[in-house]
Amino acid sequence: MNSETTDCIRAELVRAARDLGAPPAIDPVLERPRDPAHGEWATNLAMTLARPLQRKPREIAQQLVERLDVTSCGVTHVEIAGPGFINFRLDPAHTARGLAVILRAGERYGHSEEGAGRQVNIEFVSANPTGPLHVGHGRQAALGDAIASLLEATGWTVSREFYYNDAGVQITNLALSVIARMRELAGEPADIPEGGYHGEYIREIAERFVATRGGHARAVLASGDVGSGGALFEEIRRFAVAELRAEQDRDLQAFGVRFDTYFLESSLYTDGRVDDTVRALGATGRTYEHEGALWLRTTEFSDDKDRVMRKRDGTYTYFVPDVAYHVTKWDRGFHRAINVQGADHHSTVTRVRAGLQALDMDIPPRYPEYVLHQMVTVMRAGEEVKISKRAGSYVTVRDLVDWVGRDAVRYFFLMRRGDSQLVFDVDLARTQSEENPVYYIQMAHARMSGIFRVGGIDPASIDPGTSVDTLVEPEEQALIKRLLDFPAIISGAAEALEPQRVATYLHDTAGEVHLWYHKHHVLNEPAPIMNARLVLARAAQIVLRNGLAILGITAPERM
RNA sequence: GCGCCAGUAGCUCAGGUGGAUAGAGCAACAGCCUUCUAAGCUGUGGGUCGGAGGUUCGAGUCCUCCCUGGCGCGCCA
């Protein structure tokens, strides 16, 4: 097994280094040399010991090598190179035997128990029900869902959460916008309020509401009080929120994302959580009245200015329910919480954390964690599509899925780091669908599956104990090493909360798979070779499938 | 003005938490289908890693300053 090999070499390095009088706390780093000619593993230990031992790196390397006994680790050659690297070359057969681990683990290969079952809450999308999900939400959905899967794969108990405002000013504006469209249907001028919503979907909601009443718009409007807070107004508000929530759910379903919890902001008011939070903050003595408003000294917690909690008009700023909401996460047992949001929300990071710190609840200072992604710009017909709720100009998540398919949308959103800006060229993604990188990866998987299909062999029946000592071709060795790196990739991506590492890894791995497939035949080869290659094909299939699963992308058997 | 993020090949971007000669796809050019899928493979060309200093055995990666772009900076959410 891969980690057995590295652990073995590492232990020997530690022993040898202590022999040389190195400080007891050494943790040698083993890494894959960029150039395969340098062997399977390399360490820079001699260079890092140069300072404490007051000797030249190459001299230390020489003395380390003289003391090493790594033949039992599968190492056949040890050499010193460059400024003092120690390179290890493994017995190819020993390397190939690592494939057995992949076959035995199957769909759990790459998974680990690092999280030890601890609970983590991942909040993402969290769109207010005032319109359809746009491309920014799409990026968040892809990112959040992949991060959730990464943490699940590394042993965390994950809860996916969607938080939404169902009662604030924006929702009032939503209801007023619908009412304005109803007036328009009644032949009056549509008087959309300041901060209202202009999109076509508002008109459709107005039409549907009128239809549920079975009358004319004019008659429906006359049937009750449509002033803010009136009975009919409330009914329209609830109707509009329900319609838009249902539409968002359809979008998410089309994208293949499921949430465990939908958390309503309004519940924080109705169950008294907001008032409790205000009281608790007041009790710490960190609040004060100024110009008729209630403030919190967030500057005590590295905010650049104090924040208003209660406005002069007596209502709370969004900051208060935000803090109350995160207290519920903590109280619900999530001692780790991750928020996936657009970078335009970055100013809330310090504020929310400061609010939580001010409560003296022993919540860690960096709770919650944030994954902020940069904006998505959509290019269409050669020009940028401005996304504006006001103007109702939209590219929705569903549009993207319809145009290029769920798998491609997910991959495009995940193939690059969240903190770089993303240009989603719709026309390109559409016309390019045949040479899309996601197909390149899926094709590699389909080809592995094809070997078993054509051979009439059940892939699950491959015996992990099959001899693989014949897998010594360069393409085979390169592919095997890559497949054995998979657990480390997953672990690193989960720790860094960076799914794009998996995407990059899968693309590179697919390249190795295609190359091997092209150069070496599996079926109808002499039995020892065919059987060994079937093990490799099975291992590649497992890794590609497991990796794609984490990204939320399907692994087709044929294409 | 202040804060956060970015700047790497013609284009779009990778470059574990400092390592050896900075990579991939697309685009361009030249090849490869009797054999498990040519949605693939092979080869060629292409770089002042935005700029300048610094840290050290070693910097695309860390620090400082500057330039450019995006996003924030409200008793809006």
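Chain letters run A, B, ... following the sequence lines, proteins first and then strands; every chain starts at 1. Only this structure's heavy atoms are used, side chains among them; waters, hydrogens and symmetry mates stay out.
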Original post:
For the ring pair A:His514 and A:Tyr440, is the centre-to-centre distance below 6.0 Å?
Top reply: yes
Subject >> Residue-phosphate contact under 4.0 Å: A:Lys519 side-chain N/O, B:G40 OP1/OP2 >> reply: no
Original post:
Which base, if any, makes a Watson-Crick or G-U wobble pair with B:G43, both distances under 3.5 Å?
Top reply: B:C29
Original post:
Does B:G53 pair with anything, Watson-Crick or G-U wobble, both distances under 3.5 Å, and if so, with which nucleotide?
Top reply: B:C63
Original post:
Rounding to the closest angstrom, what is the interatomic distance between B:C13 and B:G7 at atom C1'?
Top reply: 12 Å
**OP:** Using the P atom as the reference point in each nucleotide, state the distance between B:G60 and B:G50 in Å, no decimals.
**Re:** 10 Å
Original post:
How far, in whole Å, is B:C26 from B:A9 if one measures between their C1' atoms?
Top reply: 12 Å
Subject >> Distance under 6.0 Å and angle within 45° of ring axis: A:Arg245 vs A:Phe162 >> reply: yes
Original post:
Ring stacking, A:His346 with base of B:G72, under 5.5 Å and under 30°?
Top reply: no
**OP:** Using only side-chain N and O atoms of A:Arg351, determine if any of them is under 4.0 Å from OP1 or OP2 of B:C73.
**Re:** no
**OP:** Write down the partner of B:A6 under the Watson-Crick or G-U wobble criteria, each distance required to be under 3.5 Å.
**Re:** B:U68
Original post:
Should the pair A:Arg307 and A:Trp295 be classed as cation-pi, given the thresholds of under 6.0 Å to the six-membered ring centre and 45° from the axis?
Top reply: no
**OP:** Once you apply the 3.5 Å cut-off to both distances, tell me the Watson-Crick or G-U wobble partner of B:C75, or none.
**Re:** none
Subject >> P gap between B:U61 and B:G54, integer Å >> reply: 14 Å
Original post:
Rounding to the closest angstrom, what is the interatomic distance between B:U55 and B:U68 at atom C1'?
Top reply: 26 Å
Subject >> Who pairs with B:A24 - Watson-Crick or G-U, where each distance is under 3.5 Å >> reply: B:U12
Subject >> Strand partner of B:A38, provided both Watson-Crick or wobble distances fall under 3.5 Å >> reply: none
Subject >> Under 4.0 angstrom between A:Lys311 side-chain N/O and B:C76 OP1 or OP2 >> reply: yes
**OP:** Compare the ring of A:His521 with the six-membered ring in the base of B:C36 and state whether they stack (centres under 5.5 Å, planes under 30°).
**Re:** yes
Original post:
Using the rule for Phe, Tyr, His and the six-membered ring of Trp, do A:Tyr440 and B:G25 stack at under 5.5 Å and under 30°?
Top reply: no
Subject >> Salt bridge present between A:Glu123 and A:Lys329 (N-O < 4.0 angstrom) >> reply: yes
